[in-house]
Protein chains: 2
Amino acid sequence: MEKGKPTNGYLDLKINRKSYEPAYIQLVNIIKQQISLGVFRPGDKLPSESKLCKEYKVSPMTVRRAVNILIDQAVANAVQGSGTYVNSINLGSAAFHLKGLQEFFLDESTTVKILEVRIVPAKDRASKKLAVGRGEPLILIRRLLLKDDEPFFYHKEYLIYDPTRPIVESELEVTSLRGLFSGTGSSEFKNGELGIEATVISSEEAKVLKAETGTAAFLLEHIFYDFNQSPVSWGWFICRGDKLSFTTTVGIQETL
Amino acid sequence: MEKGKPTNGYLDLKINRKSYEPAYIQLVNIIKQQISLGVFRPGDKLPSESKLCKEYKVSPMTVRRAVNILIDQAVANAVQGSGTYVNSINLGSAAFHLKGLQEFFLDESTTVKILEVRIVPAKDRASKKLAVGRGEPLILIRRLLLKDDEPFFYHKEYLIYDPTRPIVESELEVTSLRGLFSGTGSSEFKNGELGIEATVISSEEAKVLKAETGTAAFLLEHIFYDFNQSPVSWGWFICRGDKLSFTTTVGIQETL
DNA sequence: TAGTGGTCTAGACCACTTA
DNA sequence: AAGTGGTCTAGACCACTAG
């Protein structure tokens, strides 16, 4: 590379100081665009931070921040003492987000039908998951979540039974699940574990979901812990496979 | 809050300057631990950045960095001019990563069996996805991915046929897929789209996967684009539902 | 108007890699 | 030894929120 020449070749993009976009975001986009156009290819070394400072006339911290964003996005990786390199496309860095489900729960036309609420003795799996003795009382809630009056999710949940804290009506309604998915809810739970499995619809599920037994479905299992790290809720959502899918992207995305 | 008192109550944790852990990471963990212990509850306002500076004797940029990490992790959210607030648990921020699949492909015992490679005329779906005319030639590759000689994935892939670039043997082997999942491969693709669906195993798939028709399976669809943003590869992986699941966590995790 | 977060500067020192 | 990324300082100015 010739000294003093801009590393972005014929593009010669600059940081616009008057833009509402912060300098570091602009720099991220400039570098991404160059990768997108093939100026920098996977495996190539990006210009060093000091070069980028000079070229775009920004301070080291600003370059640093931009480069860190590229690394966060798995666009590049840094090797201390050596340089920052452009990554190849990497499926291992891909992730499927549940934001789509969040939108489902926030939707106005989403409603909840309580199918059943009762106290049941803990069986094998539930007693293990919720760390209570077998036969101990648990609250079982079965819900049907509808969108535009069409069944969408079937939800089965076991809760620790606390006789000092009666079940409040509002905890059963759509708002409670909405809160879980949007983070606006109460703060009963400290953390939780989620799992997604592929399954087929059982006869029990088929009935409430208006689907046929044996068709494909997603099972989203959840377990939530309180601030003492004790499990308080275990259950799962079932959704017909033809009504739900998860999508994501990998590699360099076009600048929005 | 009383002036001059540490905001972390009886804990009174400090930044250890001699630790190999950077100050900002220590600060992230200190704040997380306080949330975990209930010192700060969901909805609470965290101490302002200037307070944290004084309390932990670090510069504004270091506090900033720590707080930004908490925000990235969806542990807190910032409101300009108001403060930084602790989030409730939020399923919408959860994400399922494909790192598990990456490990599968990097495993030594993972092998690939090529079931078929041939030129086929583009049918409806493939011609749309790959943006070629119907009947145009495409390369069809059918692979079986095995772990410890047990079938794991069935992969069907359509590639743009380029007569000037013959199919190279190495592109068919496990290494090519390994590269895709680990980011160590060549750089044919600029980006791609992925989708996960729940499905049931067809008779064709059941045969090669040694599974029964009608059992649950994941379908991981992919389409990859080259540096001209032209689609070059479309296909999907099928995996038995009982051999694959995705897990993740939400909320505050215990400090490791 | 005071306090807050959002951005940015212009350096510094260190650990590490490469030659 | 020179260059690189990793961390950190001690401020600054701005836009925004709230009382």
Side-chain angles (χ1 to χ4, degrees), chain A residues 1-5 7 14-31 40 43-87, chain B residues 1-5 7 14-31 40 43-87:
Chain A
M1 181 105 51
E2 222 180 302
K3 258 189 182 174
K5 283 273 181 184
T7 59
K14 282 173 188 163
I15 307 269
N16 176 5
R17 290 295 174 170
K18 289 166 188 164
S19 168
Y20 69 97
E21 262 189 333
Y24 69 94
I25 295 287
Q26 290 185 52
L27 186 49
V28 164
N29 287 333
I30 288 171
I31 296 173
F40 302 125
D44 287 357
K45 180 146 77 169
L46 289 180
S48 76
E49 307 198 342
S50 59
K51 272 184 194 149
L52 291 172
C53 287
K54 284 173 201 162
E55 188 169 334
Y56 296 99
K57 300 189 177 61
V58 287
S59 78
M61 280 303 293
T62 305
V63 166
R64 184 108 240 136
R65 190 164 178 186
V67 170
N68 277 333
I69 287 173
L70 293 174
I71 292 167
D72 281 351
Q73 296 180 351
V75 169
N77 66 293
V79 180
Q80 202 180 50
S82 170
T84 304
Y85 301 86
V86 179
N87 286 339
Chain B
M1 180 104 51
E2 221 179 304
K3 260 189 182 174
K5 285 274 181 180
T7 59
K14 282 174 189 163
I15 307 269
N16 177 5
R17 291 296 175 171
K18 289 168 189 165
S19 167
Y20 69 98
E21 263 189 332
Y24 70 94
I25 296 287
Q26 291 185 52
L27 186 49
V28 164
N29 287 333
I30 287 172
I31 296 173
F40 302 124
D44 288 357
K45 179 146 78 169
L46 289 180
S48 76
E49 306 197 343
S50 60
K51 272 184 195 150
L52 290 171
C53 287
K54 284 173 200 160
E55 189 169 333
Y56 295 100
K57 299 190 178 59
V58 288
S59 80
M61 281 302 294
T62 304
V63 167
R64 191 104 241 138
R65 191 163 178 187
V67 170
N68 278 332
I69 287 173
L70 293 174
I71 292 167
D72 282 349
Q73 296 181 352
V75 169
N77 66 295
V79 181
Q80 201 180 50
S82 170
T84 304
Y85 301 86
V86 178
N87 285 339

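Sequence lines set the chain letters: A, B, ... in the order given, protein chains first and strands last, and positions in each chain run from 1. Treat the numbers as computed from the prediction; the structure is a model and nothing was measured.
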Backbone of [Y] reached by a side-chain donor or acceptor of [X] within 3.5 Å:
X       : Y       : answer
A/Lys45 : A/Ser82 : yes
A/Glu49 : A/Arg64 : no
B/Asp44 : B/Val86 : no

Whole-Å distance between [N] [atom2] and [X] [atom1]?
X       : N      : atom1 : atom2 : answer
A/Met61 : C/dT7  : CE    : C1'   : 11 Å
B/Lys45 : C/dG5  : NZ    : C1'   : 11 Å
B/Tyr85 : C/dT4  : OH    : P     : 10 Å
B/Leu52 : C/dT4  : CG    : P     : 10 Å
A/Ile15 : C/dC8  : CD1   : C1'   : 12 Å
A/Glu49 : C/dG11 : CD    : P     : 17 Å
A/Lys54 : D/dT4  : NZ    : C1'   : 13 Å
B/Tyr20 : D/dC8  : OH    : P     : 14 Å

Show each protein N/O and nucleotides 12-16 of chain D N/O combination with a separation under 3.5 Å, one pair to a line.
from   : atom 1 : to      : atom 2 : distance (Å)
D/dC16 : O4'    : B/Gln80 : OE1    : 3.2

Which part of the nucleic acid, if any, lies within contact of A/Arg65, taking any heavy atom under 4.0 Å across all strands shown: a base, the sugar-phosphate backbone alone, or nothing? sugar-phosphate

Categorize B/Val67 for me: base, sugar-phosphate, or nothing, with a 4.0 angstrom heavy-atom threshold over every strand shown.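 Nothing, no nucleic acid heavy atom in range.
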
Side chain of B/Arg17 only, heavy atoms from C-beta on: which candidate in C/dT4, D/dT9, D/dT4 is closest?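 Selected nucleotide (nearest to the side chain): D/dT9.
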
Which nucleotide wins on minimum distance to the side chain of B/Thr84, given the candidates C/dC8, C/dG5, D/dC8? C/dG5

OP1 or OP2 of [N] sitting under 4.0 Å from any side-chain N/O of [X]?
X       : N      : value
A/Tyr24 : C/dT7  : yes
B/Ser50 : C/dT4  : yes
A/Ser59 : C/dA10 : no
B/Thr62 : D/dT9  : yes

Check: [Y] and [X] side chains under 4.5 Å, non-hydrogen atoms:
X       : Y       : answer
A/Leu46 : A/Val67 : no
A/Val58 : A/Arg17 : yes
A/Pro22 : A/Ile25 : yes

Both distances below 3.5 Å, Watson-Crick or wobble geometry, any strand: find the nucleotide opposite D/dA1. C/dT18

Heavy-atom closest pair, residues A/Ile15 and A/Ala23: CD1-O, 3.7 Å

